[in-house]
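Take a look at the structure set out below.
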There are 2 protein chains.
Amino acid sequence: MKVVPGGIAATGGPVLRKLQGFGRLEEADATALALFESGTRLAPSGADLICEGDRPEGMLAITEGFACRYKLRENGARQIMAYLIPGDVCDFESSVLDRIDHAVGTLSTCRIVRVAPEAARDLRARPALERGLRTAALVDEAILREWIMNLGRRSAVERLAHLFCELLVRMRAVGLAFGNSYDLPITQLDLADTTGMTSVHVNRSLGELKRAGLIERKGKRLTLCDLPRLMEMAEFRPNYLHREVPVAA
Amino acid sequence: MKVVPGGIAATGGPVLRKLQGFGRLEEADATALALFESGTRLAPSGADLICEGDRPEGMLAITEGFACRYKLRENGARQIMAYLIPGDVCDFESSVLDRIDHAVGTLSTCRIVRVAPEAARDLRARPALERGLRTAALVDEAILREWIMNLGRRSAVERLAHLFCELLVRMRAVGLAFGNSYDLPITQLDLADTTGMTSVHVNRSLGELKRAGLIERKGKRLTLCDLPRLMEMAEFRPNYLHREVPVAA
DNA sequence: CGCTAGATTGATAACTGTCAAGGGCGGTGG
DNA sequence: CCACCGCCCTTGACAGTTATCAATCTAGCG
């Protein structure tokens, strides 16, 4: 769990890995990012990193753990509209709106980097990084569309299956998947608030997936035992996450 | 229905009106846009303007009618993930992905403008227009998030109410709302595919809204009879559509 | 004036939510 | 090292919402 700055520079932090997936970076770009990724701090689970109504500025990156974008209803109901996994960057610099329309909070203990406005501009001044960040933003938007599809036209079980497939691809992109497994350090209530269901129903749907031999969960580690069948049932096609042909299963 | 080029230049087409809402434009910007908006063509209802898998290039603008972004499931189920109303622009130039992940189709007869890649770059070369288009894209993304909230955490009636409120604000921004009314030239099936429901259930929910005296529909014209109550029941807060304080009801 | 897509409506089934009561596991303090 | 506590996971019974299936009605259009 401990991250040594030297280690980051050597192996590359998740943000670097992710952006490299979108296009080749120069040595100097990597160095800039590595430096940037070394300035991390810890945030406990359930903490708000950004509140709705905050003035947008700077950037926020996740290097460990899961965070999310979410909104609340007056009755307390929460809807999660995006996961921020290691390597993901929220860029508030480009936001032309004067207030942020959603909150950002952690779903687990997270290691994060807060980038001040000036530092953010320095990073964006590097063409390759600017391009990478922009690509990442477009992918995030494609994910939003796919989630709309998920909520509107897939059943409970399919929604979970689709989400798990998406996360596998995203975790692989930052080197955090091990075969068809990855750590999913979030609660069933979080899954419920993601998929528009109840935690009770999430529990039952997970049970269904387990009984069908499609997934397995040991502690926080999720394994997609039968990825082809999962992908088929969820009609998961990873094209929205990549430029080219995805990694083989 | 007929649009005279001179008329557009004089009154300003919907795209111009929309972008002006995001920030002041120079005369030359307006002229460039007006010229651009004069090159329209008609598309019949139910036509595909962009197919999933197309290579992204150029831009596409709507000046009359309703279009949408959508995806299909293998069983034919459709999910609409965005409405394109007059003034809206789909920009495929900035898409770094090599294939479009969704289709764009008309929901009614539409007047559209297809902008070739070079022309699109000419427009973006104007700083004010570039800024405006970028703001528009960010608003579109905010709308996606709000739709996720809608699908995940609002009831059938609330979803419709929220959608109608959002469309009122958006139609006002392009001068196409008359008081609390506007033309909604789409079918109940389209509403169903937007809100993740069935056309049957849309019909019943609309009936509920009508019986409650909240909306009224005469032909294609929708009237929000009791906007305050509608906004309250849907917890509609237009902050995600604007920079500043919205127009009073 | 006949056609056809879209709007309505009723009856019934399926899915998902709500309420409530345990059960289990990790984490903390003694 | 162990007991206690709290959060989360599970499970059952029941209610509410939404989907399905099918038939009828209606309005715009050629």
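Hydrogens, waters and symmetry mates play no part in the numbers below; they use all other heavy atoms, side chains included. Note on naming: letters A, B, ... go to the chains in the order of the sequence lines (proteins, then strands), and numbering restarts at 1 for each one.
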Any residue of residues 184-197 of chain B with a heavy atom less than 4.0 Å from an atom of DNA chain D
B:Gly196, B:Met197
What bend angle does the helix from C:dC1-D:dG30 to C:dG30-D:dC1 show across its length, from five-pair end axes and to the nearest 10 degrees?
40°
Electrostatic pair B:Arg145:B:Glu141 at N-O distance under 4.0 angstrom:
yes
Parallel, tilted or perpendicular, as decided by the 30° and 60° cut-offs, for the rings of B:His162 and B:Tyr240
parallel
Hey, are B:Glu158 and A:Arg73 close enough for a salt bridge, meaning a charged N less than 4.0 Å from a carboxylate O?
yes
For DNA chain D, the residues among residues 199-214 of chain B that have a non-hydrogen atom under 4.0 Å from it
B:Val200, B:His201, B:Arg204
The answer to which of A:Arg153 and A:Arg217 contacts DNA chain D further toward the 5' end, by nearest nucleotide, is A:Arg217
Counting only N and O atoms by type, is there a donor-acceptor contact under 3.5 Å from the side chain of A:Arg114 to the main-chain atoms of A:Leu49?
yes
Output yes when a side-chain donor or acceptor of B:Asp190 lies under 3.5 Å from a complementary backbone atom of B:Thr187, and no otherwise.
yes
Check whether the ring centres of B:Tyr83 and B:Trp147 lie less than 6.0 Å apart, and answer yes or no.
yes
Heavy-atom count around B:Arg237 CZ within 6.0 Å, excluding the residue itself: above 12?
no
Dump the intermediate steps for side-chain contact (heavy atoms from CB on, under 4.5 Å) on B:Leu241 and B:Arg172, then the final yes or no.
CA-CA 12 Å; B:Leu241 296 169; B:Arg172 277 182 182 168; over 6 Å; no
Nearest heavy-atom neighbours spanning B:Ala61 and B:Val15:
CB-CG2, 4.2 Å
